[in-house]
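Scroll down for the structure; my scribbles are underneath it.
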Amino acid sequence: LTHDERIKELLIGFNSYFMVKAAIQLRGMPEHPRSVIEFMSSEDFTALHDELTNTVKDNYPVLMSCLDRKQKRKLEALFA
């Protein structure tokens, strides 16, 4: 993977965690591993994940331009 692809994957994974947590809470599901697996196996998760992936890929340059120099250095350090 290229450097930018690795950053995109990180953004998608990081945001997927919060997306799953929020969806489970909104559905009133108990917060335990079985609920996570159940939701991640659903069509709703697939649709949300696809939307998140497309959003990150389509807006990556804008997302990166919002970071200041210090934030960019911290992000670079994750992949050093």
Going through the checks in order, is the side chain to side chain contact (heavy atoms under 4.5 Å, CB included) test met by L78 and K74? CA-CA 7 Å; L78 292 173; K74 284 183 179 181; over 6 Å; no

Go through the steps to decide whether I7 and M64 satisfy the test side chain to side chain contact (heavy atoms under 4.5 Å, CB included), and finish with yes or no. CA-CA 10 Å; I7 292 173; M64 294 304 290; 4.2 Å; yes

Derivation and outcome, side chain to side chain contact (heavy atoms under 4.5 Å, CB included), residues L10 and L75: CA-CA 10 Å; L10 174 70; L75 187 58; 3.9 Å; yes

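From M29, atom CE reaches atom CZ of R34 across 10.5 Å, with rounding to the nearest 0.5 Å. To the nearest 0.5 Å, the span separating CD1 on I12 from OG1 on T53 amounts to 4.0 Å. For the atom pair K21 NZ and L26 CG, the distance stands at 11.5 Å (nearest 0.5 Å). If you take NZ on K57 and CG on L11, they are separated by 12.0 Å, rounding to the nearest 0.5 Å. Atom OG of S42 and atom CD1 of I37 lie 12.5 Å apart (nearest 0.5 Å). H49 NE2 to M40 CE: the interatomic distance, rounded to the nearest 0.5 Å, is 7.0 Å.
Smallest separation of non-hydrogen atoms from L67 and Q71: CA-OE1, 3.3 Å. When all heavy atoms are compared, the tightest approach of P30 to S35 is O-OG, 2.5 Å. K70 approaches D68 most closely through the heavy-atom pair N-OD1, 3.1 Å. F39 and F45 make their closest contact through O-CB, 3.1 Å (heavy atoms, listed as atom of the first residue, atom of the second, distance).
Criterion: ILVMFWY side-chain heavy atoms under 4.5 Å apart, direct or through other members. Under it, V56 and M19 are not part of a common hydrophobic cluster. L52 and L48 fall into different hydrophobic clusters, where Ile, Leu, Val, Met, Phe, Trp and Tyr side chains are chained together by heavy-atom contacts under 4.5 Å.
With sequence neighbours excluded, no residue satisfies side chain to side chain contact (heavy atoms under 4.5 Å, CB included) with E43. A search for side-chain hydrogen bond (donor to acceptor under 3.5 Å, both in side chains) contacts involving D44 returns R27, not counting sequence neighbours.
For F79, the CZ atom counts as densely surrounded, since its 6.0 Å shell holds more than 12 non-hydrogen atoms of other residues, nucleotides or ligands.
With E5 contributing its side chain and T2 its backbone, the two residues share a donor-acceptor pair below 3.5 Å.
Listed by first then second residue, pairs satisfying ring pair (Phe, Tyr, Trp, His ring centres under 6.0 Å) with a partner in residues 52-75 number zero, not counting sequence neighbours.
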